[in-house]
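Data first, discussion second: the structure below is written as structure tokens.
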Amino acid sequence: MTTDAELPGPEAEAPTGAAPFQQYDEPVAFQDLVGQTHAAAELNPDAEAVLSVDNLRMYFPIKTALMRRTVGHVQAVDGVSFEVPKGGSLGLVGESGCGKSTTGQLITRLYKPTGGSMLFEGADLATMSEGTLKPLRREIQMIFQDPYSSLNPRHTVGAIVGAPLRIHNVVPKNKVLSRVQELLEVVGLNPEHYNRYPNEFSGGQRQRIGIARALALQPKLMVADEPVSALDVSIQAQVINLLQDLQKEFGIAFLFIAHDLAVVRHFCPEVAVMYLGKIVEIGDRASIYSNAHHPYTQALLSAVPDIKQAATGGRRERIRLTGDVPSPIDPPSGCRFRTRCPIAQEICTRHEPPLLQIGKRHKVACHFPGRLGAHPREPITARLLGVDTTGAPDPGASPATDLRQQPGYADTWFDLDAKSIGRA
Amino acid sequence: MTSVEGNEPYLKVTDLTVRFPTADGLVQAVTDLSYGVDLGKTLGIVGESGSGKSVSSMAVLGLHDRRSAQIDGSIVVGGTEVVGLSEDKMRSLRGNSVAMIFQDALAALHPFYKIGKQLSEAYLVHHKGATKREARARAIEMLDRVGIPQPDRRVDNYPHQFSGGMRQRAMIAMGLINNPSLLIADEPTTALDVTVQAQILDLLQDLQREFNSAVIIITHDLGVVAEMADDVLVMYGGRAVEYGPCKDILTHPEMPYTWGLLSSVPDVSADTNARMIPIPGNPPSLLAPPTGCAFHPRCVHASKVQGDLCRTTLPELLPGVRGENHLKRCHLANPDAIYEAEVLPEIAPEIMEGGLR
Ligand SMILES: Nc1ncnc2c1ncn2[C@@H]1O[C@H](COP(=O)(O)OP(=O)(O)OP(=O)(O)O)[C@@H](O)[C@H]1O
Ligand SMILES: Nc1ncnc2c1ncn2[C@@H]1O[C@H](COP(=O)(O)OP(=O)(O)O)[C@@H](O)[C@H]1O
Ligand code: SF4
Ligand code: SF4
Ligand SMILES: [Mg+2]
Ligand SMILES: [Mg+2]
């Protein structure tokens with residue numbers, strides 16, 4: 001921390017005016033504060049995809065220490081497909097180690113994927129060379145979880161936020177400072193503080209610095225990996241509202257990774273649930289939070305402690321999952337959730353359930369998809385897979401040939417209630 | 001607080017103040033804090049980081065460095081005054097009738113010793129007559145209690161061979177191995193997945209029921225408080241700012257800081273029109289705390305208080321409009337009305353439509 005003597009005089013502390021989300025040197029009135037916040041983000045069903053991910057895979061080789069021989073693979077991401085709509089948000093949730101961060105890192109091409117494609121505005125990021133990738137790197141930026149370690153402590157805020165501008169040569173050298181100051185203002189920091197160091201800021205302010213840096217190149221897509229989980233709850237709300245401001249103002253799309261299901265619900269009109277490298281359920285907010293059909297999604301949701309419980313007292317009924325998440329080096333056969341699934345049957349060991357579209361914007365990968373307590377007794381996938389109800393080959397059946405999972409949603413789907421094909 | 005008339009609670013903290021002299025000046029981390037916890041009951045302590053939650057709880061276990069921490073006030077555990085107690089006597093209390101579990105299990109477990117050895121040691125310290133074999137059996141029993149599969153084999157694992165959730169469970173096993181009457185859990189599930197968190201909270205509740213212990217759970221998650229606590233203590237800048245029965249505090253909070261905590265977190269089942277309303281600004285410096293109400297620089301309701309009171313005068317912790325048990329530190333005369341008319345419609349619109357609880 002600095003001593004007072006090093007801080008600029010009071011005139012430098014002047015309110016930042018146009019900033020969408022101010023730092024409140026003067027307390028505002030409650031109604032003004034409310035006016036600067038947002039309700040849950042809404043889905044724009046007509047938005048095209050800015051990013052379309054198809055069958056993405058990342059297998060990390062495991063090498064022996066001595067011979068550097070590959071002895072196996074960590075199947076961190078294993079065939080995920082999804083779309084992020086222009087100016088919209090897709091949330092990615094799931095337990096630790098399920099492959100959320102790896103997916104984000106693939107999109108920013110920190111790693112080259114083992115397989116699959118990632119179409120960004122028509123170009124496939126997955127196969128691009130470093131050279132052709134460079135101009136696209138401007139368009140896709142990342143916000144990290146840890147505002148402490150993601151900023152270089154020896155660089156001033158001005159240098160940190162200005163670095164992308166200089167690297168990509170987007171503004172003339174003599175304009176960098178004024179652009180940096182604009183960016184600081186946009187994220188609600190005092191633009192006069194460009195010459196301070198990260199340790200002079202609180203956690204929430206440091207996260208704002210990281211956001212200003214990510215904004216510098218006016219990206220179309222931001223990968224936000226647990227952007228608020230290291231912050232105090234009151235500060236989390238500041239940062240979430242800021243991200244909502246920026247999304248509205250600049251039309252930025254977000255892949256929003258978080259383990260807090262309530263925050264994801266607020267920020268993301270669409271959510272994908274991952275388990276052991278795969279998407280097990282994906283859909284719009286209502287499909288996931290009010291109409292989940294996958295036993296894992298149901299278990300996750302039932303585990304979230306609920307403030308409303310205060311009115312009645314005590315714990316609410318929950319689905320108790322036993323055991324730990326299996327290793328992604330040697331995942332279970334068939335459905336990867338079967339070792340912990342309360343309703344698993346024989347077919348689950350034998351066959352991986354396809355990710356079936358069961359609603360307008362709702363897909364689920366389970367042989368027995370259904371509302372909590374109303375899962376079907378017979379696998380609905382048997383006929384599609386050409387097997388009997390135990391998963392043994394059925395010579396009379398003809399397996400469907402088009403089970404490959406597309407990134408987006410089709411106009412027709414399998415209606416579970418009517419047991420027939422539904423239509424938009 | 002919830003104790004029977006004339007019966008002292010098992011843990012009784014009175015006017016606790018903790019100061020640390022530092023190079024920058026005196027840090028007053030906890031000021032005039034008073035609370036009580038009965039056997040079989042759970043107190044939830046909430047507040048932003050730096051509000052004094054850990055410092056006050058560590059004082060209960062006598063974990064502060066005697067040379068640097070200045071502790072005033074009284075802490076009585078099961079009839080024994082802890083403030084000023086000799087290190088010897090403190091040690092026989094710690095891990096026996098009082099135990100603490102920490103947020104970071106990896107830091108609390110020694111990396112070079114087997115889990116079982118660490119558990120047995122914790123048992124032997126307070127059971128001088130027990131044999132090694134008995135201690136090992138007890139360690140296996142505890143691992144089994146906390147839901148570690150194949151405890152007789154896992155007992156010989158090192159901490160790094162356990163997953164995060166298993167390490168947390170092992171630490172809880174260590175905390176509970178001597179059946180403590182008072183257990184303090186400092187953010188016991190913050191780093192864990194919701195599924196593992198649910199397992200650990202279930203476990204804490206089962207064990208509390210079985211041993212009738214007094215439990216303090218420190219957390220920033222109001223959902224955890226709602227499901228676990230009988231009483232809630234809200235801390236800000238080292239002081240209690242609201243204190244009372246859990247249900248009452250969470251459904252009828254009377255202090256703007258508590259409102260801020262409630263409004264800044266969304267609910268998994270909230271109306272989608274609900275907003276996440278942050279608390280402006282940052283937590284206060286304890287080196288130079290604000291004058292008057294420590295929350296006034298961030299308070300969006302201070303304008304509803306007459307004159308300059310919020311800035312000049314520290315409000316006392318007094319019963320509000322809802323009875324003797326519900327204490328709040330705030331100058332607002334009609335907090336309940338403000339909460340219902342202004343705050344609730346923004347954070348829980350559905351409640352407004354359906355009428356108030
Ligand atoms: N560079 C790497 N080499 C080998 N394995 C890796 C590597 N990076 C990640 N993994 C493994 O891949 C799996 C997915 O990891 P990932 O970091 O994507 O999880 P996550 O979902 O982000 O989890 P968390 O919620 O804990 O952040 C894990 O088993 C992890 O150990
Ligand atoms: N040994 C110490 N020396 C000086 N200051 C301390 C010490 N321990 C804690 N503090 C300060 O006391 C305040 C309260 O800390 P703590 O109780 O850990 O907060 P929390 O509510 O997050 O648990 C913080 O400002 C912290 O920096
Ligand atoms: S496919 Fe089987 S094991 Fe997998 S989630 Fe569905 S019921 Fe459970
Ligand atoms: S005393 Fe004043 S500043 Fe403090 S919480 Fe109450 S209204 Fe706000
Ligand atoms: Mg991660
Ligand atoms: Mg703490």
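Throughout, protein chains are lettered first and strands after them, A, B, ... in sequence-line order, and every chain is numbered starting at 1. Just so it is clear, the model here is predicted, and its values are computed rather than measured.
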Rounded to the nearest 0.5 Å, the CG atom of A:Leu231 sits from the NE2 atom of B:His220 at a distance of 10.5 Å
Assert top hit (heavy-atom pairs under 4.5 Å, partner chain A, pool B:Ala274, B:Ala270, B:Pro256, B:Ser303) equals B:Ala270
Given the options B:Ser264, B:Ser263, B:Pro283, A:Ser234 meets side-chain contact (heavy atoms from CB on, under 4.5 Å) only with B:Ser264
Problem - Close side-chain approach of B:Thr272 to A:Arg265, heavy-atom, < 4.5 Å - result: yes
Whatever's closer than 4.5 Å to a heavy atom in chain A on B:Ala229 counts as neither
Whatever's closer than 4.5 Å to a heavy atom in chain B on A:His38 counts as backbone
Sorted by chain and number, sequence neighbours left out, ring pair (Phe, Tyr, Trp, His ring centres under 6.0 Å) with B:His301 holds for A:Phe30, B:Trp259
The interface call for B:Asp248 against chain A, heavy-atom contacts under 4.5 Å, is neither
Are the side chains of B:Glu346 and A:Gln31 in contact, using a 4.5 Å heavy-atom criterion? yes
Most contact-rich option vs chain A, by heavy-atom pairs under 4.5 angstrom, among B:Ile338, B:Leu201, B:Val196, B:Leu261, is B:Leu201
Checking the side chain of B:Gln199 only, and the main-chain atoms of A:Leu321 only, is there a donor and an acceptor separated by less than 3.5 Å? yes
If one checks every heavy atom of B:Asp221 against chain A at 4.5 Å, the contacting part turns out to be side chain
The interface call for B:Leu262 against chain A, heavy-atom contacts under 4.5 Å, is side chain
_Pair B:Glu227 + A:Lys308: basic N to acidic O under 4.0 Å_ = no
For B:Gly281 and A:Gln238 the tightest heavy-atom approach is O-NE2, 3.1 Å
Highest number of heavy-atom pairs under 4.5 Å with chain A among B:Val265, B:Thr195, B:Leu222 belongs to B:Thr195
The interface call for A:Leu261 against chain B, heavy-atom contacts under 4.5 Å, is both
Query raised in the report: Going through the checks in order, is the side chain to side chain contact (heavy atoms under 4.5 Å, CB included) test met by B:Glu342 and A:Val34?
Result: CA-CA 10 Å; B:Glu342 292 191 32; A:Val34 170; over 6 Å; no
- Show your working on side chain to side chain contact (heavy atoms under 4.5 Å, CB included) between B:Leu250 and A:Gln309 and close with a plain yes or no. CA-CA 10 Å; B:Leu250 293 187; A:Gln309 200 64 25; over 6 Å; no
Please confirm whether the backbone N or O of A:Val233 pairs with a side-chain atom of B:Glu48, one donor and one acceptor, at under 3.5 Å? no
Got more than 12 heavy atoms from elsewhere within 6.0 Å of NZ, B:Lys247? no
Between A:Ile307 and B:Gly223 the two heavy atoms that sit nearest each other are CG1-N, 3.7 Å
Okay, B:Val225 and chain A: the region with an atom under 4.5 Å from a heavy atom over there is neither
message = For the backbone of B:Met276 and the side chain of A:Asn241, can you confirm whether one donor and one acceptor N or O come within less than 3.5 Å of each other?
response = yes
With sequence neighbours left out, the residues meeting salt bridge (Lys or Arg N to Asp or Glu O under 4.0 Å) with B:Glu254 are none
With a 6.0 Å cut-off (strictly less than), is the heavy-atom count around CD of A:Glu42, excluding the residue itself, greater than 12?
no
When the 4.5 angstrom heavy-atom criterion is applied to B:Val224 and chain A, the contacting part is both
- Query: Is a side-chain donor or acceptor of A:Asp232 paired with a backbone partner of B:Ser49 at a separation under 3.5 angstrom?
  - Reply: yes
Distance col, row B:Ile347:CD1 vs A:Thr37:OG1, nearest 0.5 angstrom, shows 11.0 Å
Do we see a donor-acceptor contact under 3.5 Å between the side chains of A:Ser202 and B:Asn282? yes
Counting heavy-atom pairs under 4.5 Å with chain A, the top scorer among B:Gly260, B:Ser269, B:Pro149, B:Cys246 is B:Ser269
Tightest non-hydrogen contact, residues A:Ala310 and B:Ala226, listed as N-CB, 3.7 Å
Applying a strict 4.5 Å limit to non-hydrogen atoms, the region of B:Gln197 in contact with chain A is side chain
Okay, A:Leu300 and chain B: the region with an atom under 4.5 Å from a heavy atom over there is both
Of B:Asp267, B:Val232, B:Ile277, B:Ile249, the largest count of non-hydrogen pairs under 4.5 angstrom with chain A goes to B:Asp267
